[in-house]
Amino acid sequence: MSSHQANRFKYHLKHCYQSKNLNLTKTLHAYILKTSHFLSTSLNTSLILSYSSSLHHHNNTTTISTTHFNILTNLFKSIDPSNPLPFNTIASHFSHHGHPSLALHTLSFMHFSGVVLDSYAICSSLTAAAAIRSVGLGKMVHAHVEKSGWLSSVYVGSALIDFYAKTSAFWDARRAFDEMPVRNVVCANALFLGFVEGRMWEDGLSLVRRMRGLGMECDRFTMCGLLKVCAGLAKIELGRQVHGSLIRRIDAFGGDVFLRTSLIDMYGRCGVVEKARHVFDHTGVGDGGEEKRDVILWTSMLGVCGRNGHFEDVIQLFKEMLMEGTKPDKIVFLAVISACSYTGNVNQGLQYFESMVCDFGMDPDQEHYSCVVDLLCRAGELERALDLISRMPFKMGTSDNSTRNGGTSNTSLWGALLNACVDTGNVELGKLAAERALEADPRNVGIYVLWSNLCASVGMWDEIEKLRDLIRERGMMKDVGCSWLEVSG
DNA sequence: ATAGGGTTAG
């Protein structure tokens, strides 16, 4: 096969990858095989990537199906096992496109075919293990790292710390950090950001102090984390200091949308709306020809206004965002609708929801429905909320098919409704909501408490007795105990 | 190898 021909195939395969078109990939594969039986490594890589994206799209699941597994394994076999590079390329591609399980499949094939894992492969494994929350796998990789001597690499070390931090094993993360022979800012940041993510503000702060002692300069990543700490502890003074050192020490801070977003968020959570607005207004419009304001920056400003009750500003800002040519995404609509919810502007909230579907052609997620149900419930419109739930395009009540919260998003939806029922004393609807919520998540303590509150408020003591039996049956007595005494006592 | 936005009853 000529290199010209190979490039043409690669071009078409790239198209398959982007459009996730399985049939096209298969046709192309057959055609390529007719042309030549020996495929170059890079052509093989392209082929694997398009198969993976389209198969994944077809199955719409995070697990690997048997067919999928077999096709991939066969393709892997035709890659030269003496060189880790093509495998690493494929694995990192999978990782960066949200297919961690496929990355792991690639890496384990690589390992069991006798390819020596280099630092790239180890880092990918740890990242993917963290992404699918596989603690056992990460620990196996850790053992391999200890044996093979890769611990001396700051890259591997950072990935290891990041893995432990992301799986909430903070103690292991800290130990890995302490035991590293060579450390740099990135390692420290991985640990610090883990603390921040786990809302362990004080541990985070003392680590930053320790970094100074180790002679490490805080970089933009550290600053992002520090701003979150300030927001979490409502330490506005520290926040102002961080703002100051951003201006003094960070190059092109005026155009760094990451830092600007964090700063706006920090000021907003500390209640200093004007300051947040000031930072926002001076981002990406000024002197240096820097980055434009993006959706995320707008969302943070909209969130600040919403949380602080500045409803008119939310409306105005959203308009300005559209006029500036920034495309809204699903999350910015959540921010806007929930701002309507906070401030009691039911009709506007519903209008935004409709506009999202009709004007921008987006499919609302379950989270959007939750938000609108909450909006309606706060306004006492229980029937309309129920009506909306019944018209949702999701399967409700049964176990979940939701994105990331496990079984909780169905629950939050019915929970919002149930909560409104408690306020209005609506027993029939409340009973329905409680039943549905418990079908979705039988061990959710909050639902039991809400339902028993509702029963207690209308004096349905026999119903509470039944509920108590149910709880004991499911072995949850300990958790609910305290709330229980409050209600019946 | 590490970073930014939303929802869940008060």
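Residue K166(A) has a polar side-chain atom (N or O) positioned under 4.0 Å from OP1 or OP2 of dA3(B). Close to dG4(B), at under 4.0 Å from its OP1 or OP2, lies no side-chain N or O of R220(A). Checking the phosphate oxygens (OP1, OP2) of dT7(B), a side-chain nitrogen or oxygen of Y342(A) falls inside 4.0 Å. Of the side-chain N and O atoms in K228(A), one or more sit less than 4.0 angstrom from OP1 or OP2 of dG4(B).
Comparing dA3(B), dG5(B), dT7(B) against the side chain of F258(A) picks out dA3(B) as the nearest. Comparing dA9(B), dG6(B), dG4(B) by their nearest atom to the side chain of L297(A) picks out dG4(B). Candidate nucleotides dG10(B), dG5(B), dA3(B) were compared by shortest atom distance to the side chain of C224(A), and dA3(B) ranks first. Distance from the side chain of N184(A) is smallest to dA1(B) among dG6(B), dT8(B), dA1(B). Which of dG6(B), dA1(B), dA9(B) sits closest to the side chain of V186(A) comes down to dA1(B). Considering only the side chain of A335(A), dG6(B) comes nearest among dA9(B), dT2(B), dG6(B). Among dT2(B), dG6(B), dA1(B), the nucleotide with an atom closest to any side-chain atom of N189(A) is dT2(B).
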Subject >> Intermediate values then yes/no, salt bridge (charged side-chain N to carboxylate O under 4.0 Å, His left out), R384(A) and D387(A) >> reply: CA-CA 5 Å; R384(A) 281 175 81 184; D387(A) 181 55; over 6 Å; no
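Listed for the R249(A) side chain is a donor-acceptor partner under 3.5 Å among the backbone atoms of C218(A).
If you measure from atom CE of M216(A) to atom P of dA1(B), you get 19 Å, rounded to the nearest angstrom. Taking atom OH of Y155(A) as the reference point, atom P of dT2(B) lies 11 Å away to the nearest angstrom. For D374(A) and dA9(B), the CG to P distance is 7 Å, given to the nearest whole Å. dA1(B) atom C1' lies 12 Å from atom CG of D219(A), rounded to whole Å. Across the protein-nucleic acid pair, I337(A) atom CD1 and dG6(B) atom P stand 15 Å apart, rounded to whole Å. Spacing between atom CD of Q366(A) and atom P of dT7(B) amounts to 17 Å, rounded to whole angstrom units. Between the CG atom of L259(A) and the C1' atom of dG5(B) there is a distance of 14 Å, given to the nearest Å. In this entry the distance linking CG of L227(A) with P of dA3(B) reads 15 Å, nearest Å.
Remark: D374(A) CG to C340(A) SG distance equals 12.0 Å, nearest 0.5 Å. Atoms CD and CZ, from E217(A) and R212(A) in turn, are 8.5 Å apart once rounded to the nearest 0.5 Å.
The shortest distance between side-chain heavy atoms of Y369(A) and I389(A) does not fall below 4.5 Å.
Among the atoms of the strands shown, none is found under 4.0 Å from any heavy atom of V156(A). Within the 4.0 angstrom heavy-atom criterion, base atoms lie near V154(A). Within 4.0 Å of G303(A), counting heavy atoms only, lies no atom of the nucleic acid at all. Backbone-only engagement by R269(A) is indicated by non-hydrogen atom pairs under 4.0 Å involving sugar-phosphate atoms exclusively. Within 4.0 Å of R378(A), counting heavy atoms only, lie sugar-phosphate atoms of the nucleic acid but no base atom.
Put simply, the side chain of D329(A) and the base of dG5(B) share a donor and an acceptor less than 3.5 Å apart. Judged by atom type and distance alone, D294(A) reaches the base of dG4(B) through a side-chain donor-acceptor pair under 3.5 Å. Judged by distance alone with a 3.5 Å cut-off, no donor-acceptor contact links the side chain of S262(A) to the base of dG4(B).
Judged by the 6.0 Å and 45° rule, R260(A) forms a cation-pi pair with F253(A). In this structure, R183(A) is positioned above the aromatic face of F177(A), its NZ or CZ under 6.0 Å from the six-membered ring centre and within 45° of the axis.
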